[in-house]
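Notes for the one structure printed next.
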Amino acid sequence: MPAMTRLLQRVALAVVWLLIVAVVSVGGAGLVAAMANQPGTPGRAELTDVGDAAAAGSLDHVQGELTDLATSVERLGELGRGALTALVSSDFTTLDAAVADGQTLARSIDTRSAQIREEIALMPGTGANEALVWSPDTSARRDIALTALTSTGGLEVAWSRLAAGSTVAVRLTVLLTNHDITAGKASETGRTLKYAAALKILQSAQAMLDQAKTLRDSLAGTGLDVSTLTQWIDRNAEYDAALASLFEATIAGKGKVTKAMIDAGLAERKARDFLPSNTSGLVIILAEIGRGGLNQAVIGIEETRARLQAAVDRLSAPPPDAPSPSADGGAPSASLAP
């Protein structure tokens, strides 16, 4: 009997363990099923319906704002192309107007982009738990919008740097060319012994160089190499000063050859020897700087517009699992799955 009792106890214990294993297995299967159908997964889409609906209105509004932003960027590109055309045709009035309008528009794009980012940051459901209240589609739409907005960053700075740099290059070209013409006229007038008139003309040429120095400094602020330009301006400024001293000494001599006149004449010849032969090469360089700056601006703007439009297209596309309309254009057909 003791042996039989022990056998029955072992059998009963085995049955209990089997029941425990069965219970654990069922519970484990339920846990796996629950984990596979958490909020934010397709398996339990209904758990994010409320959060998705709350965010949908904001996302739709953001989509519209991005569409308007893309239109503004397209307009900025048109202004850039217009400025480039004006530069090539030397229509400086149109160039100035296009640059000013572009600056205003670029600033408004930058401001509007910041406002849209703030709107996205305040979307219902945003935060540490957004994965529990939003479906993957809602999160993806939000991320697409944010990525699109990064492309507009720096448009205002880029326009200011490149377009303004181009304008400076153009004005420098005009100033340097006019300086050569004016300084040459002063020399010719001096050779006719009209020294006071020659000095007055030369002062106009010197004023042009002063303006050129200021513009040179602005161009240097864009990161461009202005060493050749600086050397040209400095050598011409030195010659203008030497020629002015010669005119002044001649006027002061009142028809007599003085030591001051002799010294001034030697200084004028020395400064003339250091002058560049002409400004044609420098003018070409400055023109290329101007066109290159605007070309870069136009290319960058077009790339930004393309990224914005691509984002709008993605936001407008239906979710990958959205039902398709029936062939006759009516409501989507019902599922026939058992």
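Given the structure is predicted, the values throughout are model-derived calculations rather than measurements.
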Output side-chain donor-acceptor pairs under 3.5 Å for residues 194-215, partner residues at least two apart or in another chain, one line each.
{"residue": "Thr214", "atom": "OG1", "partner": "Asp210", "partner atom": "O", "Å": "3.4"}

The reported gap from OG1 in Thr230 to CG in Asp217 (rounded to nearest 0.5 angstrom) is 7.5 Å
Across all chains, not counting sequence neighbours, the side-chain hydrogen bond (donor to acceptor under 3.5 Å, both in side chains) partners of Arg107 are Glu156
I'd like to know if the side chain of Thr104 reaches the main chain of Ala100, judged simply by a donor and an acceptor atom lying under 3.5 Å from each other, with no hydrogens or angles considered. yes
Contacts of Glu78 meeting salt bridge (charged side-chain N to carboxylate O under 4.0 Å, His left out) (sequence neighbours excluded), chain-then-number -> Arg75
Worksheet item: Is it true that Arg314 and Asp143 make a salt bridge, defined as a side-chain N closer than 4.0 Å to a carboxylate O?
Response: no
Go through the steps to decide whether Ser139 and Glu130 satisfy the test side-chain hydrogen bond (donor to acceptor under 3.5 Å, both in side chains), and finish with yes or no. CA-CA 8 Å; Ser139 296; Glu130 61 188 36; 5.1 Å; no
Salt bridge (charged side-chain N to carboxylate O under 4.0 Å, His left out) evaluation trace for Arg171 with Asp96 = CA-CA 11 Å; Arg171 289 182 172 170; Asp96 288 345; 2.8 Å; yes
### Query
Checking Thr152 side chain against Leu149 main chain: does a donor-acceptor pair fall under 3.5 Å?
yes
Side-chain (Ser58) to main-chain (Ala54) donor-acceptor, under 3.5 angstrom:
no
With distance as the sole test, does Thr126 use its side chain to make a donor-acceptor pair with the main-chain N or O of Leu122 at under 3.5 Å? no
Arg272 meets the side-chain contact (heavy atoms from CB on, under 4.5 Å) criterion, sequence neighbours left out, with Tyr239, Glu268, Arg269, Leu275
inquiry  = With a 4.5 Å cut-off on side-chain heavy atoms, are Leu105 and Trp159 touching?
reply    = no
Sequence neighbours excluded, the answer for side-chain contact (heavy atoms from CB on, under 4.5 Å) partners of Arg305 is Val73, Glu74, Glu302, Gln309
Contacts satisfying side-chain hydrogen bond (donor to acceptor under 3.5 Å, both in side chains) that involve residues 241-260 (not counting sequence neighbours) are Lys259-Asp263
Between Leu315 and Ala145, the two heavy atoms sitting closest are CD1-CB, 4.4 Å
